[in-house]
Asks: 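I have a structure here, written as structure tokens, and I will follow up with some questions on it.
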Amino acid sequence: MNDKKLTPRSENYSEWYNQLVLRAELADYAPVRGCMVVRPYGWSLWENIQDALDSRFKATGHVNAAFPLFIPMSFLEKEKEHVEGFSPELAVVTIGGGVELEEPLIVRPTSETIIGYMYSKWIQSYRDLPVLINQWGNVVRWEMRTRLFLRTLEFYWQEGHTAHATAEEGEIETRQMLDIYTDFAVNEAAVPVIPGRKSETEKFAGAVRSYTIEAMMGDTKALQAGTSHNLGQNFAKAFEIQYLDENNTLQYCWTTSWGLSTRFIGAIIMTHGDDQGLILPPRLAPIQVVIVPIFRKDEEQEAVMAAVDKVKAELADFRVKVDDRMEVTPGFKFNEWELRGVPLRIEIGPKDVANHSVALARRDIPGREGKSFVPQANLAQTVGDLLETIQASLLVKATQFRDENIFEPKDYEEFKAIINRGGWCYVWWKPNAENEAKIKEETKATLRCIPLDQPGGKGQCIYSGEEATEKAYFAKAY
RNA sequence: CGGGGUGUAGCGCAGUCGGCCAGCGCGCCGCGUUUGGGACGCGGAGGUCGGCGGUUCAAGUCCGCCCACCCCGACCA
């Protein structure tokens, strides 16, 4: 841990991940098992994620609200699958103010129930629909094994909850939000994802249909990076969310829910990071450009710092940090900001002052190859273009890596071999929960999703050999 | 919950057969020299040895119980 270099990914991927999260100061372990503290740098990244998502939610007519952290235990029990899915991981409050509660409260693991309860009060008529509310908050799920960002007892997320008049509208909303997640992942985070449907086994407890965006991490394992659920009328019936339609007939609403969590930070880390550390996509990076001044003598310092100030002012439209610490050397700073994933570094030294230039170093291209010397004139344009280039090339690189690790095995033997050495399998699949369970048992791989983008036609199911009309992705997952 | 491991300075660790002042590296503080890829010298600060109990003239060290955390499995955004 005190070694200057991170454990290389090839040596121990999860060790690399843990060290990176701690040393980049994204998060730290809290004094409670399985809980994390999101440090300012990590939270700033999360805020940028929030902004990117929130603006998309607002643009599609959603509004934000806040619902309670505590939910009456009985609420959860109203939806059968929901309670079965969540009861093993609930935190339950039985005492309040020193007095035993009449009814235990659970700390929300998700808010379908309490929001459903409120919707039943608020919705009377078709004129009240649709209801399109999102909430930014935290939830608690008492997981057995935890990893920073990827799975903690408490995590931060947004959960959207909508109610609609028809099944079609519900499905359209569900899919719209999946599209938004996809757009966010690809265009803001440069994380290529495969949008698809979850199998019956993998779907959300209480949903009719679940959709997911699946991303491939640097070790080829899959990560569910966001989900969108069509809840049908399950929760509407459980909570009597009803409305009168145009014909004065009482109808149950059709509801949806969709969420994306701080887990996504894990996705960014494991999609772009290298052995040197984190690599952040410019659009989400808390610091897009770090300026490192370099000088030997006092007289150099003055001239260099004047140039630094000028450059910083020129780059006012970007998130810029000047690292003017005197107690560490430039070389130390280079390594530290690379560890922390800042996309672009500007070095300004006496030579640059003399030449009216700066040195630029791209985080995504290590070493001399990623370094260039450019004039100070018109620097904002240069930097803007370069950040766009970096953003684009991160996506290209990640997409290439993903595609190189997706295979189409001819038979189940080959399937097992691929899963075993790491990689995704794209195969014909005839839906069957038992076979899915057997595959999981035999290979540890799960059905990640049935992609929306289907080739059409028919083929033989990879496991049963039966005729199948859809293809699916299988992989080991986080 | 099952298996494995670890608790000694902020972090990483050493501490032999129980022995008198508990140490090393990094980090931290001060001063000076340094600064274009992880600088160096000198001087300092910092400890309920996870907790409780026991054995003993004497416990970081031996014994018992407890607690916490980490890793590997079964569950999951």
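The figures here come from the full heavy-atom set of this structure, side chains too, leaving out hydrogens, waters and symmetry mates. A note on names: the letters A, B, ... follow the listed sequences, proteins ahead of strands, and every chain is numbered from 1. Since this is a predicted model, take the numbers as computed values, not measurements.
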Asks: Specify the separation, in whole Å, of atom OH of A/Tyr211 and atom C1' of B/A77.
Replies: 19 Å
Asks: Using atom C1' in both nucleotides, what's the gap between B/G19 and B/G4 to the nearest angstrom?
Replies: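 B/G19 and B/G4 have their C1' atoms separated by 35 Å.
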Asks: Hey, does the side chain of A/Tyr13 reach the backbone of A/Gly218 with a donor-acceptor pair shorter than 3.5 angstrom?
Replies: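 Judged by distance alone, yes, a pair lies under 3.5 Å.
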Asks: Taking atom P in both B/A74 and B/G38, compute the distance separating them and give it to the nearest angstrom.
Replies: 44 Å
Asks: Need the pair for B/U48. Rule: Watson-Crick or G-U wobble, both distances under 3.5 Å, any strand; none if unpaired.
Replies: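 Here B/U48 is not engaged in any pair, so there is no nucleotide opposite it.
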Asks: Indicate, with a heavy-atom threshold strictly under 4.0 Å, whether A/Gly259 touches base, sugar-phosphate, or nothing.
Replies: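 Result for A/Gly259 = nothing.
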Asks: Would A/Arg283 and A/Asp51 pass as an ion pair if we require N to O under 4.0 Å?
Replies: no
Asks: When the distance from CE of A/Met144 to C1' of B/C71 is rounded to whole Å, what number comes out?
Replies: 16 Å
Asks: With a non-hydrogen cut-off below 4.0 angstrom, is A/Thr152 in contact with a base, only sugar-phosphate, or nothing?
Replies: base
Asks: Using both distances under 3.5 Å as the test, list the Watson-Crick or G-U wobble partner of B/C17, or none.
Replies: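 No nucleotide pairs with B/C17.
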Asks: When all nucleic acid strands are considered with a 4.0 Å heavy-atom cut-off, which category describes A/Ala359: base, sugar-phosphate, or nothing?
Replies: base
Asks: Could you state the CZ-C1' distance from A/Arg108 to B/A77, rounded to the nearest angstrom?
Replies: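 To the nearest whole Å, that distance equals 15 Å.
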Asks: Taking the same atom, P, in B/G47 and in B/A58, what whole-Å distance lies between them?
Replies: 27 Å
Asks: Give me the distance, rounded to whole Å, that separates B/U56 from B/U61 when you measure between the P atoms they each carry.
Replies: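 Pairwise P distance, B/U56 against B/U61, rounds to 16 Å.
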Asks: Start at the 5' end of RNA chain B and walk down; is the nucleotide closest to A/Phe295 or to A/Glu336 reached first?
Replies: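 Of the two residues, A/Phe295 wins.
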Asks: What distance, rounded to whole Å, do you find between the two C1' atoms, one in B/G7 and one in B/G50?
Replies: 6 Å
Asks: Quick one: on RNA chain B, does A/Arg33 or A/Glu202 contact a more 5' nucleotide (nearest heavy atom)?
Replies: A/Arg33
Asks: Please give me every residue in residues 35-54 of chain A whose heavy atoms get under 4.0 Å of an atom in RNA chain B, ordered by residue number.
Replies: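 Hits under 4.0 Å, by residue number: none.
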Asks: A/Ile106 and side-chain contact (heavy atoms from CB on, under 4.5 Å): which partner among A/Val92, A/Thr113, A/Leu69?
Replies: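 Result for side-chain contact (heavy atoms from CB on, under 4.5 Å) with A/Ile106: A/Val92.
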Asks: For A/Phe67, does the six-membered ring have the charged nitrogen or CZ of A/Arg108 within the cation-pi criterion, i.e. under 6.0 angstrom from the centroid and within 45° of the normal?
Replies: no
Asks: What integer number of Å spans the C1' atoms of B/A9 and B/A22?
Replies: 11 Å
Asks: Tell me the interatomic distance from A/Ile294, atom CD1, to B/G37, atom P, rounded to whole angstroms.
Replies: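 Value for this atom pair: 8 Å.
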Asks: When only distance counts, do a donor and an acceptor, one from the side chain of A/Arg345 and one from the base of B/G37, lie under 3.5 Å apart?
Replies: yes
Asks: Using distance alone, with no hydrogens and no angle criterion, decide if A/Ser210 and A/His229 have a side-chain donor and acceptor under 3.5 Å apart.
Replies: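 Side-chain D/A pair, A/Ser210 to A/His229: present.
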Asks: Please measure how far the C1' atom in B/U33 lies from the corresponding atom in B/C69, and state the result in whole Å.
Replies: 43 Å
Asks: Using a 4.0 Å heavy-atom cut-off, does A/Glu347 contact any base of the nucleic acid, only the sugar-phosphate backbone, or nothing at all?
Replies: base
Asks: Under 3.5 Å for both donor-acceptor distances, Watson-Crick or wobble: does B/C62 have a partner, and if so which one?
Replies: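 Base partner found: B/G54.
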Asks: Now, which nucleotide makes the Watson-Crick or G-U wobble pair with B/G36, with each of the two distances under 3.5 Å?
Replies: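 Base-paired to nothing in any strand shown.
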Asks: Can you tell me the distance, in whole Å, between the OH atom of A/Tyr29 and the P atom of B/A68?
Replies: 18 Å
Asks: Cation-pi check, A/Lys371 to A/Phe373: give yes when NZ or CZ is under 6.0 Å from the six-membered ring centre and within 45° of the ring axis, no otherwise.
Replies: no
Asks: OP1 or OP2 of B/C75 versus the side-chain N and O atoms of A/Lys440: is any pair under 4.0 Å?
Replies: yes
Asks: Using a 4.0 Å heavy-atom cut-off, does A/Lys333 contact any base of the nucleic acid, only the sugar-phosphate backbone, or nothing at all?
Replies: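 Here A/Lys333 touches no strand at all.
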Asks: Taking the P atom in each of B/C66 and B/G3, what is the distance between them to the nearest angstrom?
Replies: 14 Å
Asks: Would you mind calling B/C63 syn or anti? Take O4'-C1'-N9-C4 for purines or O4'-C1'-N1-C2 for pyrimidines, and syn is within 90° of 0.
Replies: anti
Asks: In terms of side-chain heavy atoms, does A/Glu112 have a donor or acceptor partner in A/Ser257 at a distance below 3.5 Å?
Replies: yes
Asks: For the base of B/A39 and the side-chain ring of A/Phe332, does the geometry meet a stacking cutoff of under 5.5 Å between centres and under 30° between planes?
Replies: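 Here A/Phe332 fails the 5.5 Å or the 30° condition.
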Asks: Less than 4.0 angstrom between a side-chain N/O of A/Thr227 and OP1 or OP2 of B/A77, yes or no?
Replies: no
Asks: When the distance from CG of A/Leu22 to C1' of B/G27 is rounded to whole Å, what number comes out?
Replies: 16 Å
Asks: Salt bridge check: are A/Glu188 and A/Arg56 linked by an N-O gap of less than 4.0 Å?
Replies: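 Counted as a salt bridge, because a side-chain N and a carboxylate O are separated by less than 4.0 Å.
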Asks: Check the phosphate of B/U35 against A/Arg296, side-chain N and O only, distance under 4.0 Å to OP1 or OP2. Yes or no?
Replies: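 Answer yes for this pair, as a side-chain N or O of A/Arg296 is under 4.0 Å from OP1 or OP2.
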Asks: Does the structure show a Watson-Crick or G-U wobble partner for B/G10, both distances under 3.5 Å? Name it, or say none.
Replies: B/C26
Asks: Does A/Asp364 come within less than 4.0 Å of A/Lys397, counting only side-chain N to carboxylate O?
Replies: no
Asks: Looking at A/Glu338 and B/G37, is any side-chain donor or acceptor paired with a base atom of the opposite kind under 3.5 Å?
Replies: yes
Asks: Does A/Phe184 have its ring centroid less than 6.0 Å away from the ring centroid of A/Tyr181?
Replies: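 Between A/Tyr181 and A/Phe184, which both carry aromatic rings, the centre distance is not below 6.0 Å.
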Asks: Using whole Å, report how far CD of A/Glu159 lies from P of B/A77.
Replies: 14 Å
Asks: What integer distance in Å separates A/Leu260:CG from B/A77:P?
Replies: 13 Å
Asks: With both distances kept under 3.5 Å, what pairs with B/C69, Watson-Crick or G-U wobble?
Replies: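 B/C69 is paired, partner B/G5.
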Asks: Among B/C71, B/A77, B/G36, which nucleotide has an atom closest to any side-chain atom of A/Pro330?
Replies: B/G36
